[in-house]
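Just so it is clear, the model here is predicted, and its values are computed rather than measured.
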Amino acid sequence: MANILVVDDEMGIRELLSEILGDEGHAITLAENAQQAREARAAGAPDLVLLDIWMPDTDGVTLLKEWQRDGLLTMPVIMMSGHATIDTAVEATRIGALNFLEKPIALQKLLKAVQQGLTRAQEVARAPMAPPRPAVVQNTTMPAMEAATAAAPAPMYAPQAAPLAPNGSRLVHAISQGEGTGYTLSFDLPLREARDAFERMYFEHHLGREGGSMTRVAEKTGLERTHLYRKLKQLGVEPGKLAKKGV
């Protein structure tokens, strides 16, 4: 049994998630806004948080930033939204969110994401914690706050810096789950080009896994087939060639 905090301003969503996860044997705490979520977090760290993005007082991304800034992001957080863009999802992941669920949330996707989050929390809890190194202040004029910041350990779920390429650019390296295919994306690209590159890799990954089946890829990605065809054409992705190569 896990302690799960559900943060959503819609009563129906809170009650539905509480019922589903409660039936799975979890203890559920409900919060209808960011302030209640702050109070729940102050009372103790839950094992997992389901956090809505769009809320009336403070949005979920801002709350996530607060927890990351204050060293309170010590538990996996899964973001939820029915209106968020891919940019918002990427930003939340960059800050430290573990996953993103689009509303309406399918039951199996919810249960799978929750299980992955709890598994991740257990892995982090079992990992040996290295003692923080004391700050060595060689310059006596260094402010005390900077010294304390240098010695403070990073939040457990804080994102790590991307590796540097030989030319000094930041890279994102993604590995297809369960398969050996790797992709590399440079942070130095303009936003539009970086987004197109990411989407191209995303669709190539799913097309390869599904053997080029547009029906199965549409189901996996949550897109209508007509929208999927249009998107692939726009990105210059050819399903037939990928199916033959077995990407």
Following the transitive rule for hydrophobic clusters with a side-chain heavy-atom cut-off under 4.5 Å over Ile, Leu, Val, Met, Phe, Trp and Tyr, establish whether Ile13 and Ile53 coincide in one cluster. no

Linking I/L/V/M/F/W/Y whenever their side-chain heavy atoms sit closer than 4.5 Å, directly or via other members, would Val6 and Leu107 fall into one cluster? yes

Starting at NE2 of His205, measure out to OG1 of Thr221 and round the result to the nearest 0.5 Å. 11.0 Å

Answer with yes or no whether the hydrophobic clustering places Met75 together with Leu118; edges join I, L, V, M, F, W, Y residues whose side-chain heavy atoms lie under 4.5 Å apart. no

Gap separating the CG atom of Asp59 from the CG atom of Asn33, nearest 0.5 angstrom: 12.5 Å

Path from Val77 to Val114 over hydrophobic side-chain contacts below 4.5 Å: no

Search all heavy atoms of Leu98 against all heavy atoms of Gly117 and return the closest pair with its distance. CD2-CA, 3.5 Å

Run the salt bridge (Lys or Arg N to Asp or Glu O under 4.0 Å) test on Arg38 and Asp70 for me, step by step, so that the C-alpha distance in whole Å, both residues' side-chain angles and the decisive distance to 0.1 Å come before the verdict. CA-CA 12 Å; Arg38 292 186 187 100; Asp70 298 337; over 6 Å; no

What do the steps show when you test Glu91 against Val61 for side-chain contact (heavy atoms from CB on, under 4.5 Å), and what is the final call? CA-CA 8 Å; Glu91 181 186 10; Val61 173; 3.9 Å; yes

Note: Met79 and Ala92 closest approach over all heavy atoms is CG-CB, 3.8 Å

Measure the OG1-CD distance between Thr119 and Glu123 for me, rounded to the nearest 0.5 Å. 6.5 Å

Please report the C-alpha distance between Arg69 and Glu66 in whole Å, then the side-chain angles of each, then the deciding distance to 0.1 Å, and finally whether the side-chain contact (heavy atoms from CB on, under 4.5 Å) criterion is met. CA-CA 5 Å; Arg69 179 197 65 203; Glu66 287 182 18; 4.0 Å; yes

Kindly indicate, with the supporting measurements, whether the criterion side-chain hydrogen bond (donor to acceptor under 3.5 Å, both in side chains) is fulfilled by Thr29 and Arg41. CA-CA 10 Å; Thr29 300; Arg41 177 62 185 84; over 6 Å; no

Give a yes or no on whether Lys220 atom NZ has more than 12 heavy-atom contacts from other residues, nucleotides or ligands under 6.0 Å away. no

At what distance, to the nearest 0.5 angstrom, does CG of Leu64 lie from CG of Leu72? 11.0 Å

Would you check if Met55 and Asp8 make a side-chain contact, meaning some heavy-atom pair closer than 4.5 Å? no

For residues Gly60 and Leu51, report the shortest heavy-atom separation together with the two atoms involved. O-CD2, 3.4 Å

Is there a side-chain contact (heavy atoms from CB on, under 4.5 Å) between Val237 and Glu204? Walk through the geometry before answering. CA-CA 7 Å; Val237 176; Glu204 286 178 352; 4.1 Å; yes

To the nearest 0.5 Å, what is the distance between CD (Gln122) and CG (Asp47)? 8.5 Å

Going by heavy atoms in the side chains, are His26 and Ile28 under 4.5 Å from each other? yes

side-chain contact (heavy atoms from CB on, under 4.5 Å) assessment of Ser18 paired with Leu30: CA-CA 8 Å; Ser18 178; Leu30 300 177; 4.0 Å; yes

So, taking the atom named CD in Gln234 and the one named CZ in Arg200, what distance separates them when rounded to the nearest 0.5 Å? 9.5 Å

Does a side-chain heavy-atom distance below 4.5 Å link His206 with Tyr202? yes

Please examine the side chains of Met80 and Leu17, heavy atoms only from C-beta on, and report whether any two atoms are closer than 4.5 Å. yes

Is the shortest side-chain heavy-atom distance between Leu5 and Leu50 below 4.5 Å? no

Does a sphere of radius 6.0 Å around CD in Glu224 hold more than 12 heavy atoms from other residues, nucleotides or ligands, not counting ones at 6.0 Å or beyond? no

What about Leu21 and Phe100, same hydrophobic cluster or not, with Ile/Leu/Val/Met/Phe/Trp/Tyr joined at side-chain heavy-atom distances under 4.5 Å? no

If you apply the rule salt bridge (Lys or Arg N to Asp or Glu O under 4.0 Å), what do you find for Glu102 with Lys109, and how did you get there? CA-CA 10 Å; Glu102 186 177 4; Lys109 285 187 176 181; over 6 Å; no

Under the salt bridge (Lys or Arg N to Asp or Glu O under 4.0 Å) rule, what do Arg14 and Asp9 come out as? Steps first, then yes or no, please. CA-CA 8 Å; Arg14 293 197 306 273; Asp9 62 314; over 6 Å; no

Got Leu228 and Phe203 here, is their nearest side-chain heavy-atom distance under 4.5 Å? yes

Minimum heavy-atom distance between Ala113 and Asn99, given as atom pair plus value: CB-ND2, 3.8 Å

Do the side chains of Asp52 and Lys103 get nearer than 4.5 Å, heavy atoms only? yes

Looking at every non-hydrogen atom in both residues, tell me the closest pair between Trp67 and Ala37 and how far apart they are. CZ2-O, 3.9 Å

